[in-house]
There are 2 protein chains.
Amino acid sequence: MVLSRRKSKVPPLPACPPQPCPLQQCMELLGGAWTPNIVWNLSGDPRRFSELRSDIPNISAKVLSARLRALADKGVITRSVIDTSPPTVEYALTALGRELLPVIDAIERVGRKLAARAG
Amino acid sequence: MVLSRRKSKVPPLPACPPQPCPLQQCMELLGGAWTPNIVWNLSGDPRRFSELRSDIPNISAKVLSARLRALADKGVITRSVIDTSPPTVEYALTALGRELLPVIDAIERVGRKLAARAG
DNA sequence: CAGCATCCCACGGGATACTG
DNA sequence: CAGTATCCCGTGGGATGCTG
């Protein structure tokens, strides 16, 4: 079913571009296939590397490591080394990271609907 | 998204944690740096190729074309050829595509905050 | 435990040029 | 107008193996 001809020209939403579109701003932080999942798994208590590895089945150490590092660099998460033996490292969301939770939540909510729909 | 290599990982829908990993479900549709932007620009009236090109500064024809095709394949948007002269093509969100809007909205809202914060 | 190192590939995406 | 066609490169990501 197709829509009517070229009709109104009313901009649906304030046409994207204030220079760097806010979408890109945010997607820069959430880029990568695994990133939302990682952030999501940090939404509660801080978690350690190996916990995340098992929280997110099939993620490789390399990728997890790379994403965590990138997220830390961008200020989305903190990385706290705790000097025990063997040493443990805890990751947690920063305030900035917590800002992303609504997005993750929306993604998760929609994903659930899609899953339900597709079986 | 890039989910395939020799053995194709990031399973179609792995048993993430006990409950949900609908994140991948949704990210499959929103993957790619430009995709959210495209969907966002289709949130109102249907738009044509060249409109999208100017709506989204700096996107190349190739990428726009590729994303539109992928989105159409996934059932997120429709592609309607209108036999005028010169021919016009209109893209619009499907019901499925509209499901994604809350996500886009959240992304945009957060992106705006980030932009304000970072300058 | 929490990771780098290494190798290697596919895909996303920029640039440029061309077509129905 | 609405795309294709190439070329080419960077990086995300998988597999495997090794280390402090």
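Chain letters run A, B, ... following the sequence lines, proteins first, then strands; residues in each count from 1. The basis for the numbers below is simple: all heavy atoms, side chains too, and nothing from hydrogens, waters or symmetry mates.
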Could you state the atom-to-atom distance from [atom1] of [X] to [atom2] of [N] in whole Å?
X	N	atom1	atom2	answer
B:Ile38	C:dG13	CD1	C1'	12 Å
A:Arg48	C:dC1	CZ	C1'	8 Å
A:Arg67	D:dG14	CZ	P	11 Å
B:Arg53	D:dA2	CZ	C1'	10 Å
A:Ile59	C:dA2	CD1	C1'	14 Å
B:Asp55	D:dA2	CG	P	12 Å
A:Gln24	C:dG14	CD	P	10 Å
B:Arg47	D:dA2	CZ	C1'	15 Å

key: Reported CG-to-CG distance for the pair B:Leu93 and B:Leu71, which is rounded to 0.5 angstrom   =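 So the gap between those two atoms works out to 9.0 Å.
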key: Under 3.5 Å: donor-acceptor pair, side chain of B:Lys74, backbone of B:Glu28   =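 A pair under 3.5 Å: yes.
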query = Is the side chain of B:Thr94 donor-acceptor paired with the backbone N or O of B:Thr78 at a distance under 3.5 Å, no angle test?
reply =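 Side chain of B:Thr94 to backbone of B:Thr78, a donor-acceptor pair under 3.5 Å: no, none is there.
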Looking only at the side chain of [X] (C-beta and beyond, no hydrogens), which of the listed nucleotides [options] gets closest?
X	options	answer
A:Ala33	C:dG3, C:dG13, D:dG13	D:dG13
B:Trp34	C:dG14, D:dG13, C:dG3	C:dG14
A:Ser60	D:dA2, C:dG13, D:dG14	D:dG14

Base of D:dG3 paired with side chain of B:Lys62 (donor-acceptor, under 3.5 Å) =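 A donor-acceptor contact between them is absent.
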message = What I want to check is whether the side chains of A:Arg79 and A:Tyr91 have a donor and an acceptor closer together than 3.5 Å.
response =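 Checked: A:Arg79/A:Tyr91 side chains pair up, N/O donor to acceptor below 3.5 Å.
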task = Assign each of A:Gly31 and A:Ala61 to its nearest nucleotide of DNA chain D by heavy atoms, then name whichever residue's nucleotide is nearer the 5' end.
result =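 Its nearest nucleotide lies further toward 5', so the answer is A:Gly31.
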inquiry  = On DNA chain D, compare the nucleotides closest to A:Pro87 and B:Arg79; which residue's is nearer the 5' end?
reply    =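 Nearest-nucleotide comparison on DNA chain D picks B:Arg79.
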query = So, for A:Ala33 and B:Gln24, which heavy atoms are closest and what is the spacing to 0.1 Å?
reply =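 Shortest heavy-atom separation between A:Ala33 and B:Gln24 comes out as O-NE2, 4.2 Å.
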ask   = Is there a side-chain polar atom (N or O) of B:Ser65 under 4.0 Å from OP1 or OP2 of D:dT4?
value =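 Looking at the OP1 and OP2 atoms of D:dT4, one of them is under 4.0 Å from a side-chain N or O of B:Ser65.
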Short side-chain N/O contact to D:dC1 OP1/OP2 from B:Ser50, under 4.0 Å =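 Looking at the OP1 and OP2 atoms of D:dC1, one of them is under 4.0 Å from a side-chain N or O of B:Ser50.
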